[in-house]
Novice: 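Sharing a structure below in structure tokens format, with a few things to ask.
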Amino acid sequence: MATASTASRITRKIGIAVKKAASRKKGWYDLHMAAASGAIAQRLPLVDLVAEIRDARIPLSSEYELLRDFPALSKRIVVMNKIDLADQTQVKGWMRYFEQQNCIPYGVNSHNKDSVKGLLNFIQAQVRGLCKANHHASETITIMLVGIPNVGKSALANSLHQMGRISAAEKGRLKHATVSPQPGETKDISSFKIGSHPNIYLLDTPGILPCMIHDAELCSKLVLTGAIRDGLIEQKELARYFLAILNLSDQYKKWAKFSANEDRLLSFIEHKEEGSISSKLEMRQKKQHMMDHTQLLMQDLIVNDVRGTIFDTISCFDGDIELEEDMIKLMEAELVALRDAFRVPQGLGEYVYNRVVGVKLLDLYRSGRLGQYTLDTLPLTLHHPL
């Protein structure tokens, strides 16, 4: 496999472009983030436990730097969220790494109920251990969730709150934190009860980034994973960054079996509709069901066409992707070929073509439908297990 130097150069170029755009436009650090930093810093010394939420795709790059100002804090939990989107072969290595950093690691998928339930049990066990070790006399334990934007803090707070209330058989109105794929939606610190005996409260906090990010590669990773808003750079550039990562991986080799099959799908739909003779109401219901079912099938078909198109383009490419010039040629060929895979209408113009393909490709990457990737490299200081 090619060395990562080509991808690193492309990554740095993207990061430099993001930093320049942030200096010209409204960047990632605004007045809300500055105010939230002060409020969080005031409360941090007062809480019983800190749970730092990180993105499992970028376990190092998603560090919450504000915690560096509080070296006196006791052990903290590092929750690696979105483990379903990360390279599964690296998750255990990162867990060992955080253990060696004197942290208590846990991996979770905030969209999976069983995974969140496991996290709730884990937190409650940590609280019991804390109370026992410190002979905690208080009937209330407070845990602060902290992290950079868009790592899933609010989604976890909502799920833990709902499950904690159900398990404690408590009644009353559930609270809901604002959840959005866009970074920076959480503006205030909110409290959510997740357990009883003792009472356990989570403090969901706004995502905070440093006001200045000097590392261009770090900047690129943050914008690709959605921690920094997309508007600072063209979607095509982000799509090229992802394609560079994909092209240097073995992921595409798994997609040899995928090919466009739209004609057979449409024939299947027409055949089903011809055989549906019933009352007008039943017909309408069946048509709605067929439309919903067809939409899902079409979405899967498009994803598989995208996979097949990428496989074919890489397999037919005769250049050397260790060379930056050849890598760029391959990425351009992929972006052009993906117009048909994404069913982009003709005659839109080059700029619109690139934007539409870029947006759709990033959506598939961020949802995990084009494979799982860990963008950070495990530090060499990690000790091998005995």
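As the structure is a computational prediction, the values presented were derived from the model and not from experiment.
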Novice: Rounded at 0.5 Å granularity, tell me how far OG in S23 sits from CE in M212.
Specialist: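 CE of M212 is found 8.5 Å from OG of S23.
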Novice: Backbone N or O of I194 within a donor-acceptor pair of the H161 side chain at under 3.5 Å?
Specialist: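 Here the side-chain-to-backbone pair does not exist.
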Novice: Hey, does the side chain of K153 reach the backbone of P206 with a donor-acceptor pair shorter than 3.5 angstrom?
Specialist: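 Not at all, since once roles are kept as given, no pair shorter than 3.5 Å links the two residues.
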Novice: Determine whether I148 and I208 make a side-chain contact, defined as any pair of heavy atoms from C-beta on separated by less than 4.5 Å.
Specialist: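 When only atoms from C-beta onward are counted, I208 and I148 do not touch, as no gap falls below 4.5 Å.
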Novice: Side chains of V303 and F258: closer than 4.5 Å at any heavy-atom pair?
Specialist: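 With C-beta onward as the side chain, the pair stays apart.
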Novice: Could you give the distance from CG (N109) to CG (D114), rounded to the nearest 0.5 Å?
Specialist: 10.5 Å
Novice: Any idea which heavy atoms bring W28 and A22 closest together, and the distance?
Specialist: CZ3-CB, 3.6 Å
Novice: Spell out, yes or no, whether L160 and Y201 are grouped together once hydrophobic residues are joined by side-chain heavy atoms under 4.5 Å, including indirect joins.
Specialist: no
Novice: Distance-only check: which donor-acceptor pairs under 3.5 Å involve side-chain atoms of residues 344-362, not counting sequence neighbours?
Specialist:
{"residue": "E350", "atom": "OE1", "partner": "R339", "partner atom": "NH2", "Å": "3.3"}
{"residue": "E350", "atom": "OE2", "partner": "R339", "partner atom": "NH2", "Å": "2.7"}
{"residue": "Y351", "atom": "OH", "partner": "E234", "partner atom": "OE1", "Å": "3.4"}
{"residue": "Y353", "atom": "OH", "partner": "G347", "partner atom": "N", "Å": "2.9"}
{"residue": "N354", "atom": "ND2", "partner": "E350", "partner atom": "O", "Å": "3.2"}

Novice: Enter the distance from I104:CD1 to L49:CG here, rounded to the nearest 0.5 Å.
Specialist: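 Output value for this atom pair is 6.5 Å.
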Novice: Applying side-chain contact (heavy atoms from CB on, under 4.5 Å) to Y106 and L119, what does each step give before you reach the verdict?
Specialist: CA-CA 8 Å; Y106 195 89; L119 175 61; 3.7 Å; yes
Novice: Taking all non-hydrogen atoms of both residues, which atom of L209 and which atom of P149 are closest, and how far apart?
Specialist: CG-CD, 3.5 Å
Novice: Can you confirm whether R96 sits close enough to Q101 that some side-chain heavy atom of one is under 4.5 Å from a side-chain heavy atom of the other?
Specialist: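 R96 vs Q101: side chains apart.
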Novice: Check S315 against Y252 and note the closest heavy-atom contact, atom names and distance.
Specialist: OG-CE1, 4.3 Å
Novice: If you measure from the Lys or Arg side-chain nitrogens to the Asp or Glu carboxylate oxygens, is any gap between D320 and K329 under 4.0 Å?
Specialist: no
Novice: What is the minimum heavy-atom distance between E217 and S8, and which atoms define it?
Specialist: OE2-CB, 4.0 Å
Novice: Transitively linked via ILVMFWY side-chain contacts under 4.5 Å: F317 with L323?
Specialist: no
Novice: With R307, which residues qualify under salt bridge (Lys or Arg N to Asp or Glu O under 4.0 Å), at least two apart?
Specialist: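 Counting only residues at least two positions away or on another chain, R307 forms no salt bridge (Lys or Arg N to Asp or Glu O under 4.0 Å).
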Novice: Within the side chain of D48, is there an N or O that forms a donor-acceptor pair under 3.5 Å with the backbone of T142?
Specialist: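 A pair under 3.5 Å: yes.
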Novice: Checking side-chain polar atoms at under 3.5 Å, does D204 have a donor or acceptor matched by the opposite partner on S190?
Specialist: no
Novice: Do T140 and P198 touch side chain to side chain, with heavy atoms closer than 4.5 Å?
Specialist: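 No, every pair of side-chain atoms sits at 4.5 Å or beyond.
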Novice: Within a strict 4.5 Å, meaning less than it, do heavy atoms of the K221 and Y241 side chains meet?
Specialist: yes
Novice: Using the side-chain contact (heavy atoms from CB on, under 4.5 Å) criterion, which residues pair with I302? Sequence neighbours excluded.
Specialist: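 Testing I302 for side-chain contact (heavy atoms from CB on, under 4.5 Å), a comparison that skips the adjacent residues, returns V306, F342, R343.
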Novice: Identify, with sequence neighbours excluded, every residue that meets side-chain contact (heavy atoms from CB on, under 4.5 Å) alongside S159.
Specialist: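 Result, side-chain contact (heavy atoms from CB on, under 4.5 Å) vs S159: V116.
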Novice: Given 3.5 Å as the limit, does a donor-acceptor pair link the side chain of D87 with the main chain of Q372, or not?
Specialist: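 Not confirmed, D87 side chain does not pair with Q372 backbone.
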Novice: Is it true that R240 and E334 have a side-chain N and a carboxylate O under 4.0 angstrom from each other?
Specialist: no
Novice: Closest approach of N150 and A227, non-hydrogen atoms and distance?
Specialist: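 Of all heavy-atom pairs spanning N150 and A227, the closest is CB-CA, 4.2 Å.
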Novice: Spell out, yes or no, whether L85 and L224 are grouped together once hydrophobic residues are joined by side-chain heavy atoms under 4.5 Å, including indirect joins.
Specialist: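 No, it is not one cluster - the side chains of L85 and L224 are not joined through contacts under 4.5 Å.
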Novice: At their closest point, which heavy atom of M95 faces which heavy atom of P105, and how far apart are they?
Specialist: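 In terms of heavy atoms, the two residues are closest at O-CG, 3.4 Å.
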Novice: Would you check if the distance from the ring center of Y97 to the ring center of W94 is below 6.0 Å?
Specialist: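 Yes, the ring centres sit under 6.0 Å apart.
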Novice: Between S115 and H111, is there a donor-acceptor pair closer than 3.5 Å when you use the side chain of the first and the backbone of the second?
Specialist: no
Novice: Do R54 side-chain atoms and V79 backbone N/O form a donor-acceptor pair below 3.5 Å?
Specialist: no
Novice: In Å and rounded to the nearest 0.5 Å, what is the CD to OG distance from Q124 to S196?
Specialist: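 So the gap between those two atoms works out to 9.0 Å.
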Novice: Do C219 and I228 make a side-chain contact, defined as non-hydrogen atoms from C-beta onward lying under 4.5 Å apart?
Specialist: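 Yes. Closest side-chain heavy atoms under 4.5 Å.
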Novice: Just wondering, are more than 12 heavy atoms of other shown residues or ligands nearer than 6.0 Å to CG in L31?
Specialist: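 No, CG of L31 has 12 or fewer neighbouring heavy atoms, counting only those of other groups under 6.0 Å.
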Novice: Just wondering, do L248 and M327 contact through their side chains at under 4.5 Å, heavy atoms?
Specialist: yes
Novice: Would K113 and M163 count as a side-chain contact (heavy atoms from CB on, under 4.5 Å) if you check the C-alpha gap in whole Å, the side-chain angles of each, and the deciding distance to 0.1 Å?
Specialist: CA-CA 9 Å; K113 288 185 177 180; M163 289 185 179; 3.6 Å; yes
Novice: Please step through side-chain contact (heavy atoms from CB on, under 4.5 Å) for the pair Y365 and R57, ending with a clear verdict.
Specialist: CA-CA 12 Å; Y365 157 68; R57 297 169 296 178; 4.0 Å; yes
Novice: Under the side-chain contact (heavy atoms from CB on, under 4.5 Å) test, which residues partner A35, sequence neighbours left out?
Specialist: none
Novice: Tell me every residue that passes side-chain contact (heavy atoms from CB on, under 4.5 Å) with R43, counting only those two or more places apart in sequence or in another chain.
Specialist: M144, I189, L203
Novice: Using the side-chain hydrogen bond (donor to acceptor under 3.5 Å, both in side chains) rule, take K193 and N199 through it: C-alpha gap first, then chi angles, then the decisive distance, then the call.
Specialist: CA-CA 7 Å; K193 189 174 183 180; N199 294 322; 3.2 Å; yes
Novice: Which residue in the set I200, I77, V47 passes side chain to side chain contact (heavy atoms under 4.5 Å, CB included) when paired with I143?
Specialist: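 Result for side chain to side chain contact (heavy atoms under 4.5 Å, CB included) with I143: I200.
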Novice: Check whether Q162 reaches the backbone of A157 with its side chain - one donor and one acceptor, N or O, closer than 3.5 Å.
Specialist: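 Pair absent, no side-chain N/O of Q162 close to backbone of A157.
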Novice: Between R68 and E63, is the closest basic N to carboxylate O distance under 4.0 Å?
Specialist: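 A salt bridge is present here (some side-chain N lies under 4.0 Å from a carboxylate O).
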Novice: Ignoring hydrogens and geometry, is there a side-chain-to-backbone donor-acceptor pair from S249 to L246 under 3.5 Å?
Specialist: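 Yes: the side chain of S249 pairs with the backbone of L246.
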Novice: Is a side-chain N or O of D376 found less than 3.5 angstrom from the main chain of L60, in a donor-acceptor match?
Specialist: yes
Novice: Quick check against the 3.5 Å criterion: does N81 have a side-chain atom that pairs as donor or acceptor with the backbone of S110?
Specialist: yes
Novice: Do R369 and D300 touch side chain to side chain, with heavy atoms closer than 4.5 Å?
Specialist: yes
Novice: Go through the steps for V223 and L238 under the test side-chain contact (heavy atoms from CB on, under 4.5 Å), then give the verdict.
Specialist: CA-CA 8 Å; V223 74; L238 281 182; 3.4 Å; yes
Novice: Within this structure, what is the CG-CG distance for the pair L145 and L156, rounded to the nearest 0.5 Å?
Specialist: 7.0 Å
Novice: Can you tell me how far the CD1 atom of I314 sits from the CE atom of M331, to the nearest 0.5 Å?
Specialist: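 Between atom CD1 of I314 and atom CE of M331 there are 11.5 Å.
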Novice: Give a yes or no on whether I16 and Y29 share a hydrophobic cluster (residues Ile, Leu, Val, Met, Phe, Trp, Tyr; joining criterion: side-chain heavy atoms under 4.5 Å apart).
Specialist: no
